Chemist: 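Let me begin by handing over the structure; questions about it come next.
All ligand and atom numbering here is 1-based and tracks the order in the structure. Just so you know, these numbers use all the heavy atoms, side chains as well, and skip hydrogens, waters and symmetry mates. Predicted model only: the values in this text are computed from it and were never measured.
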Amino acid sequence: MRAARLTGPGTLDLVEVPTPEIGPEDVLLAVGAVGACHSDLHILDAPAGAFPTPLTLGHEIAGRVERLGEAVTGWRPGEAAAVYGILGCGQCRACLRGQENRCRTVPLGGIGLSRDGGLADYVAVPASRLLKLGDLDLVQAAPLTDAGLTPYHAIELARPALRPGTCCVVIGIGGLGHMAVQILAATTAVTVIAVDSDAAALDLATRLGARHAVPAGPDTVDRIRALTGPAPDGADVVIDCVGVDATLETARQVVATGGHLSLVGLGGGTLAVRPSVAASIPLEASVRVPFWGTRAELQEVIALAAAGLLHADVRRFPLDEAVRAYQLLRRGEIHGRAVIVL
Ligand SMILES: [Zn+2]
Ligand SMILES: [Zn+2]
């Protein structure tokens, strides 16, 4: 079968490999679609040894059951499934609470992270990682598993603050941000303020339910403040899907006293947090660095999509253009989500 594999730092190669064997509790999935994620770029850019090589990339996977391990029940060949990508230990206090994204023993364990992922004709996954998709389109479904799940989890963590009539700022309307806007629109009555440097991304945010669209630039904070009011008021929740110094600074300056900063984007910026009233986050504010989400949350994300309330804005690429898809993603030329279709 074909597979797009990390073979060394910075190198993604399309190669022929044997179809994976499955154990008794695994399912062999015929891959239908795989979302191209910014974190794949981090994997590509990582120094030698940071990830196992060769490693088939792709952790945002939807496909159809091809073959079942002998101990697997509840699935039949041909059924559509989404892959929950996290592989926690299943035994620590976090995993036992269903919070495998907080596993205390396995750091960053996942399909396409610590073992072969979905950028291939087939992927072997433990049956416990599969969720039913019903008749959802696989190309639509693949981005739900990370680009949908990650902001959904961030919103879940901030949900007590997302009261009707409050403001939520979403910075960065890319793969995750355009899902965040829809999840907020579908599950809250907050005023969504979208921020991006790209006019097309802001148009998309407005179409998806953002009340206000603010271009990123020197007056971003003033424009958001004109909508939320001056400090100590402000946005109750800020979800930064970019995470560079400039967006973190915007987030810090617009969040309300007692508000919530959710740092979703892994942009490598730094946010100063000091017990101080000057040049730090506001008093009583909290900062979260959410990671991916739980299986239960993925099931809810799939339910939102099945109800027609969550659509990925998708640009399709065949597997032999996977390298190009990541190049475009790196250059910021993908709106919504790039999805590799097999
Ligand atoms: Zn990802
Ligand atoms: Zn664990």
Side-chain angles (χ1 to χ4, degrees), residues 4 6 12 31 33-46 50-51 55-62 82-119 123 125-126 128-129 131 139-155 172-180 183 239-243 262-268 289-298 301 312-315 317 322 325-326 328-330 332 334 336-340:
L6 173 77
L12 184 65
V31 178
V34 180
C37 179
H38 265 282
S39 44
D40 293 323
L41 297 178
H42 292 295
I43 297 172
L44 278 167
D45 293 343
F51 291 91
L55 175 72
T56 303
L57 285 191
H59 56 267
E60 227 182 57
I61 309 164
V83 176
Y84 174 73
I86 297 176
L87 292 163
C89 71
Q91 291 165 344
C92 72
R93 63 180 63 249
C95 284
L96 288 174
R97 287 184 166 272
Q99 296 168 326
E100 291 167 271
N101 56 329
R102 295 182 187 176
C103 178
R104 302 285 182 97
T105 45
V106 182
L108 297 180
I111 294 157
L113 302 174
S114 58
R115 59 184 267 173
D116 284 335
L119 277 177
V123 62
V125 295
S128 63
R129 304 299 96 181
L131 285 103
V139 175
Q140 273 294 311
L144 299 176
T145 63
D146 179 8
L149 176 57
T150 298
Y152 187 84
H153 174 63
I155 289 164
I173 309 301
L176 277 65
H178 89 292
M179 297 294 231
I183 294 163
I239 300 172
D240 183 354
C241 296
V242 183
S262 185
L263 311 185
V264 172
L266 303 173
V289 185
F291 174 64
W292 219 334
T294 68
R295 266 189 289 178
E297 287 166 348
L298 179 54
V301 170
D313 188 59
V314 162
R315 181 165 167 191
F317 295 86
Y326 284 108
L328 294 172
L329 183 64
R330 193 185 289 280
I334 299 289
R337 201 58 154 180
V339 174
I340 317 298

Chemist: Using modelled atom types only, decide if a donor and an acceptor are shared between the side chain of H59 and the backbone of S39 within a distance under 3.5 Å.
Modeler: no
Chemist: Walk me through whether L44 and L57 qualify under side-chain contact (heavy atoms from CB on, under 4.5 Å).
Modeler: CA-CA 9 Å; L44 278 167; L57 285 191; 4.1 Å; yes
Chemist: Taking the Zn ion (ligand 2) as the center, what protein N, O or S atoms are found at less than 2.8 Å?
Modeler: C89 SG, C92 SG, C95 SG, C103 SG
Chemist: Can you tell me, to 10 degrees, how wide the angle at the Zn ion (ligand 1) is between OG on S39 and NE2 on H59?
Modeler: 90°
Chemist: For the side chain of Y84 and the backbone of G293, is there at least one donor-acceptor N/O pair under 3.5 Å apart?
Modeler: yes
Chemist: Looking at SG of C92 and CD of E100, how far apart are the two atoms once the value is rounded to the nearest 0.5 Å?
Modeler: 8.5 Å
Chemist: Kindly compute the distance separating OH (Y326) from CG (D40), expressed to the nearest 0.5 Å.
Modeler: 3.5 Å
Chemist: When rounded to the nearest 0.5 angstrom, what distance separates CD1 in I183 from CD1 in I155?
Modeler: 4.5 Å
Chemist: Is the distance between the Zn ion (ligand 1) and the nearest N/O/S atom of C37 smaller than 2.8 Å?
Modeler: yes
Chemist: Among L87, T145, I86, which residue satisfies the side-chain contact (heavy atoms from CB on, under 4.5 Å) criterion with I111?
Modeler: L87
Chemist: So, E60 and the Zn ion (ligand 1): N/O/S under 2.8 Å, yes or no?
Modeler: no
Chemist: For P290, is there any backbone N or O sitting under 3.5 Å from a side-chain donor or acceptor partner on H153?
Modeler: no
Chemist: Restricting to N, O or S, what is the name of the atom of D146 that lies nearest the Zn ion (ligand 1)?
Modeler: OD2
